[in-house]
Number of protein chains: 2
Amino acid sequence: MASNVVEIGAESPERTNSERAYRLLRNDIISGDLAPGLKLKIEMLRQRYGLGAAPIREALARLSSDHLVRLEGQRGCEVVAMSAADARDVGHVRKMLEIEALRDSITRGDEMWETNVITAFHRLESIERQINQGIDDLSEWERRNKAFHVALVAACNSPWLFRLRRQVFDQHERYRRLSRVKTVRTRDISQEHRDLFQAAIDRDVDRATAVMETHIQGTTDAVTAALAAREKTGE
Amino acid sequence: MASNVVEIGAESPERTNSERAYRLLRNDIISGDLAPGLKLKIEMLRQRYGLGAAPIREALARLSSDHLVRLEGQRGCEVVAMSAADARDVGHVRKMLEIEALRDSITRGDEMWETNVITAFHRLESIERQINQGIDDLSEWERRNKAFHVALVAACNSPWLFRLRRQVFDQHERYRRLSRVKTVRTRDISQEHRDLFQAAIDRDVDRATAVMETHIQGTTDAVTAALAAREKTGE
DNA sequence: GTCAATAAAAATATCGATATTTTTGGAAAA
DNA sequence: TTTTCCAAAAATATCGATATTTTTATTGAC
């Protein structure tokens, strides 16, 4: 089945500037290029992306429903703030959604799903090996990490669970990226991914969800630690 | 604490036409005034609401991230379709989110929360009595039903859970309204609300979540039955 | 009659200009 | 110094016009 792959698989070509603005803004917010709390002035964004005001405003409207920007009445808009408390919350809800989606996906996943999981895992493992050797293409790692997690839950037959999981995953990614530079490598994330992969292929739901729980909690802990430290000093 | 009341409590006054368009469109889609699948032509919406094209387009952009309208490249936009399968999915995810939020809320709810729950319950009970006597103000019932459910989960300390619960609740409401006319009154919804209320006030988490589960499932069943019948004939 | 090509009509997306509102930066008063 | 008021500047929200794309209708070929 793996029907959810279709929903986001091959990205559709952008047909409008509005869609383009949406994608660009979204990426820049999640990556941290546009900092949390930053005031998003229309003129500034026009310059940045070489697009008109109308498509940018529409993109901001969409992003406000995604909870990536905060839109306020007659006084413009800003990148939503980040905090340790919110990171914990996001982590908590992500655990809930992703574990449920994973449980369902592993139960239903067919051969095609399995193939996709294997492919995604190997692509992720390969870049993680490179990174351990000093080459760091973090944004490529983010892409493959995301693809691996999507592949795992792709056979989940609840489109709503799939959709909400994605939304919260993106929020979590934002925190992961924010704290990445600061965080020391105490966890062996590669190992966690290997365990996750093995449990999924073995169709061992309990083990897979347990590993996933640890995996997400680990990220959350690292992120909140980094953020709590920052909040203490800079506020 | 009941901190989430603040987040949606007294609705902020609309400062822009864009916000106004968003609220109007949202209501008309959830209420079914704008039918599922309906093509939303800009000109038609301008006439309907007496607003310009720009604010309407921005509202549609927001609604697309809410998954209430589907926006497609160069070919406009339509109200998202409804189906029995989607109703089941929405019901399933709503159960998950609302039960979790309720568990947390009952555990943490303070005196203020309790007061708000009592108030909301009495307002709902009062309109349900009127409805049983033949007076039917369904949209007022929907408003109070929604307020009661919000009051129950208001002390949940996870803003994300609270937010996602609301989104899925609104989707479910859309189905409830669609099937309302057709559905026979086999369930005593008033009784379910009384049980829910009593369990919440008693701080009996297990009973409250069990009743909630039944409550949501009952709505889902009624809705899917009505929709499945319709899909068989009309498609 | 069906199909393909194409012209006309309709609808969408986007720009540039303008009205409105908020913010800023003093100057005057307390 | 702090506060209050006001005008100037900046930013937002929205309109009206236009370019582009899609849809519809029509015509001619097979």
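Every chain is numbered from 1, with letters handed out A, B, ... down the list of sequences.
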Any donor-acceptor N/O pair, [X] side chain to [Y] backbone, under 3.5 Å:
X	Y	value
His92(A)	Arg88(A)	no
Arg144(B)	Arg123(B)	yes
Ser64(A)	Ala61(A)	yes

* Asked: Within the structure shown, what part of the strands sits under 4.0 Å from Leu40(B) by heavy-atom distance: base, sugar-phosphate, or nothing?
  ->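 Counting heavy atoms under 4.0 Å across all strands, the contact made by Leu40(B) is with sugar-phosphate only.
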If you define the side chain from C-beta out and look only at heavy atoms, does anything of [X] sit under 4.5 Å from [Y]?
X	Y	answer
Gln130(B)	Asp137(B)	no
Ile216(B)	His172(B)	yes
Leu68(B)	Asp170(B)	no

Strictly under 3.5 Å: I want the nitrogen or oxygen pairs between protein and nucleotides 9-11 of chain D, one per line.
none

Whole-Å distance separating the [atom1] atom of [X] from the [atom2] atom of [N]:
X	N	atom1	atom2	answer
Glu14(B)	dT14(D)	CD	C1'	16 Å
Leu60(B)	dT12(C)	CG	P	10 Å
Tyr49(B)	dT14(D)	OH	C1'	19 Å
Glu78(A)	dT12(D)	CD	C1'	15 Å
Glu58(B)	dT14(D)	CD	C1'	9 Å

* Parallel, tilted or perpendicular for His67(A) and Trp160(B), by the 30°/60° rule? ->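 His67(A) and Trp160(B): perpendicular rings.
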* If the plane angle is over 60° it's perpendicular, under 30° parallel, otherwise tilted; pick one for Phe169(B) and His149(B). =>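 Rings of Phe169(B) and His149(B): tilted, 30 to 60°.
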* Does a donor on one side chain sit under 3.5 Å from an acceptor on the other, for Gln171(A) and Gln167(A)? ->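 No.
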* Ion pair Arg108(A)/Asp104(A), N-O distance below 4.0 Å ->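 Salt bridge: yes.
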Distances for protein N or O near nucleotides 18-23 of chain C N or O, under 3.5 Å:
| unit_1 | atom_1 | unit_2 | atom_2 | d |
| --- | --- | --- | --- | --- |
| dT22(C) | OP1 | Arg15(B) | NH2 | 2.9 |

* Identify which one of Arg94(A), Glu173(A), Glu98(A), Lys95(A) satisfies the side chain to side chain contact (heavy atoms under 4.5 Å, CB included) criterion when paired with Val168(A). =>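 Single pass found, and it is Arg94(A).
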* Of all the nucleotides listed (dT14(D), dA13(C), dC15(C)), which has the minimum atom distance to the side chain of Arg57(B)? ->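 In terms of side-chain proximity for Arg57(B), the closest of dT14(D), dA13(C), dC15(C) is dA13(C).
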* DNA chain D-proximal residues of residues 16-28 of chain B, any heavy atom under 4.0 Å ->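 Residues of residues 16-28 of chain B under 4.0 Å from DNA chain D: Thr16(B), Asn17(B), Ser18(B).
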